2 protein chains.
Amino acid sequence: MSKPGGTAGSRDIMATTPAFPSEPSPADGPDTTAPAFGDAGGMAPAAPAFSPLYQQIKTLILRSLQAGEWKPGDMIPSEFDLAARFRVSQGTVRKAIDELATDNLLVRRQGKGTFVATHAEQHIQYRFLRLLPDAGNLAQQGPAERRIIECRRLRASAEVARQLALRTGDPILQVKRVLAFAGSPAILEDLWLPGGPFKGLTVETLSDDKGPMYALFETQFGVRMVRAVEKIKAVAADADAARLLDVPEGHPLLSVERLAYTYNDVPMELRRGLYRTESRHYRNELS
Amino acid sequence: MSKPGGTAGSRDIMATTPAFPSEPSPADGPDTTAPAFGDAGGMAPAAPAFSPLYQQIKTLILRSLQAGEWKPGDMIPSEFDLAARFRVSQGTVRKAIDELATDNLLVRRQGKGTFVATHAEQHIQYRFLRLLPDAGNLAQQGPAERRIIECRRLRASAEVARQLALRTGDPILQVKRVLAFAGSPAILEDLWLPGGPFKGLTVETLSDDKGPMYALFETQFGVRMVRAVEKIKAVAADADAARLLDVPEGHPLLSVERLAYTYNDVPMELRRGLYRTESRHYRNELS
DNA sequence: CAGTGGTCTAGACCACACT
DNA sequence: GTGTGGTCTAGACCACTGC
């Protein structure tokens, strides 16, 4: 062995890695060892933040996902190939992929490969919908009926702009719809989407679609929702909600306000759902 | 090297590992390769379920935790020591500990050691309380005031028995309390606890205690809550809740029904909380 | 069969905390 | 300095999938 054992040190993959593999790049010998992250100016002369190799690899993979090099459902290169591409050992790539897999960005399938996670095609559809029937033995049902109430183009209010990281007055889309199970309305949702990425979204597009809305977003607009944060409250139904959900005014409803993010924590959807919970509940696991 | 490279095969640690390390045990040479898990009788001649070594190690560590060999807050033996004890490599122990750490059963602290997780003493107190103020910049507050309404000994109803894996009529404890923030009542909780493990729990014990109730359970009763499942609904305040939470009858409240488990998925607490959510919300992250 | 992820090992070195 | 967890490598072999 010409190069025995561990070679920890601090290397900076970011600075010297080609976008695609090729022959050994020339200026690569002495390994100049620049810090992975520069000191973001300001006070705190602090430590330059040591970044392990596998974290850098993770960032690079993330970058490729974001750039669309591999699309939802695609198989990414094997660990061995990626190791060659990034000039690290397979184990290091493995650790990076492990973390991306636990974040649900990638899905490993033994014997087949590693795939970009998707909201479509997976057996676990409606991954972000946590409303379950009280009784039904975990019978995970997709919403039987949906009705699009409206899909309007308008300008962002200060509040919506803030949450979607836009400017007040920027163009946005608003969608309002009702989901029903077995003929009984259960969910009333309002969505606010940034106008840019979702240009061309219409009532027809939404109405024609079966399957999860996030799957539609992936295939039609290239927008992949990666994580979300929900704020849950109990509220009384106002006149509008009461009518659309077929409950008396003042009836208690679960208000679920969701902010959903794509890669790199970019907010891409604000959603407010009102759930009827007489015979269903929002399920959550703590640990 | 006398024993080069990988030694995967299938080994069964469970069958041959002493509780504590000693000199090399005699009957260890040829590695008899018994299946880790026998075919649990029945149909399905199926595969005996291959179990990786690190999973077996994980089970063994779990067993020690459950048996109280290491108590909440304790440091467990180093990876190196555990590797010697279980006669595997450090890397295998590491993988087992990794999983236990992501399950929040253990906490790794670089340079110090690996510790048994606890609900006490951690900076992240009230780990299972997801109610946050709408405005306050994440100002995580412990409930300022608590008032124990009652603590009764009684017999389990069919429903409570089912959920706590007891038999109808088994002795249980019921606790009712109110939590308030800044003088304003916010949470009304009913708890049902199995009588056996919590023998001796009184209003006084509860009233005298500051800090998280789960910390009290650990120190006084040796019961450690490991995970929980919550079912959330919107309900209208009944007369009792209205009085105790100082809201009008019919006011919308968040109903949070929690079943909490110790090690090995043994249910140990059923809890039903009613939350006021006019200026607070239940926060949840999806991914 | 080859290719992929999954497990296991052994050893070197780094970062961190305490003494 | 010593001991702990954390990173990285290299290589062998196992389990699963599909050709």
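All chains are named by letter (A, B, ...) in the order of the sequence lines, taking the proteins before the strands, and each is independently numbered beginning at 1. Small disclaimer: the values here were computed from a predicted structure and weren't measured.
Stem analysis of DNA chain C (at least three stacked-register Watson-Crick or G-U pairs, each with both distances under 3.5 Å) gives C:1-18 with D:1-18.
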N/O donor-acceptor pairs under 3.5 Å from side chains in residues 259-268 of chain A, not counting sequence neighbours:
residue   : atom : partner   : partner atom : Å
Thr262(A) : OG1  : Val266(A) : O            : 3.2
Asp265(A) : OD1  : Arg227(A) : NE           : 2.9
Asp265(A) : OD1  : Arg227(A) : NH2          : 3.2

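The minimum heavy-atom distance linking Ala117(A) with Asn104(A) is given by the pair CB-O, 3.3 Å.
Ring geometry, Phe221(B) versus Phe198(B): the interplanar angle falls from 30° to 60°, so the pair is classed tilted.
Residue Arg109(B) places no side-chain N or O under 4.0 Å from the OP1 or OP2 atom of dT4(D).
With sequence neighbours excluded, the residues that form a side-chain contact (heavy atoms from CB on, under 4.5 Å) with Asp209(A) are Leu216(A). Applying the salt bridge (charged side-chain N to carboxylate O under 4.0 Å, His left out) rule to Asp208(A) yields no partners; only residues at least two apart in sequence or on another chain are considered. Every residue two or more places apart in sequence or in another chain that forms a side-chain contact (heavy atoms from CB on, under 4.5 Å) with Lys71(B) is listed here: Asp74(B). In this structure Gln163(A) satisfies the side-chain hydrogen bond (donor to acceptor under 3.5 Å, both in side chains) test together with Glu159(A), Glu257(A), sequence neighbours excluded. Partners of Asp98(B) under the salt bridge (charged side-chain N to carboxylate O under 4.0 Å, His left out) rule, at least two apart in sequence or in another chain, are Arg108(B). Under the side-chain hydrogen bond (donor to acceptor under 3.5 Å, both in side chains) criterion, Arg271(A) pairs with Glu189(A), Glu269(A), sequence neighbours left out. The side-chain contact (heavy atoms from CB on, under 4.5 Å) search around Phe115(A) returns Met75(A), Arg109(A), Lys112(A), not counting sequence neighbours. Residues passing the side-chain contact (heavy atoms from CB on, under 4.5 Å) test with Ser78(A), sequence neighbours excluded: Phe80(A), Asp81(A).
Atom CE in Met75(A) sits about 7 Å away from atom C1' in dT4(C), given to the nearest Å. Whole-Å rounding puts the Arg108(B) CZ to dC16(C) C1' distance at 14 Å. Atoms CG (Leu106(B)) and C1' (dT4(D)) sit 15 Å apart, rounded to a whole Å. Atom CD1 in Ile76(B) sits roughly 19 Å away from atom P in dG3(D) (whole-Å rounding). The interatomic distance linking Asp81(B) (CG) with dT4(D) (C1') rounds to 10 Å, in whole Å. Note: CZ (Phe80(B)) to C1' (dG6(D)) measures 16 Å, nearest angstrom. Between Glu79(A) atom CD and dA10(D) atom P there is a gap of 15 Å when expressed in whole angstrom units. Rounded to an integer number of Å, the gap from CZ of Arg87(B) to C1' of dC8(C) is 17 Å.
Less than 4.0 Å separates DNA chain C from at least one heavy atom of each of the following residues of residues 89-103 of chain B: Ser89(B), Thr92(B), Lys95(B).
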Mind listing the N/O atom pairs, protein and nucleotides 17-19 of chain D, below 3.5 Å?
none

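Of the listed nucleotides (dG5(D), dT9(C), dC8(C)), dG5(D) has the atom at the smallest distance from the side chain of Ser78(B).
Within the 4.0 angstrom heavy-atom criterion, only backbone atoms of the sugar-phosphate kind lie near Tyr54(B); the bases stay farther away.
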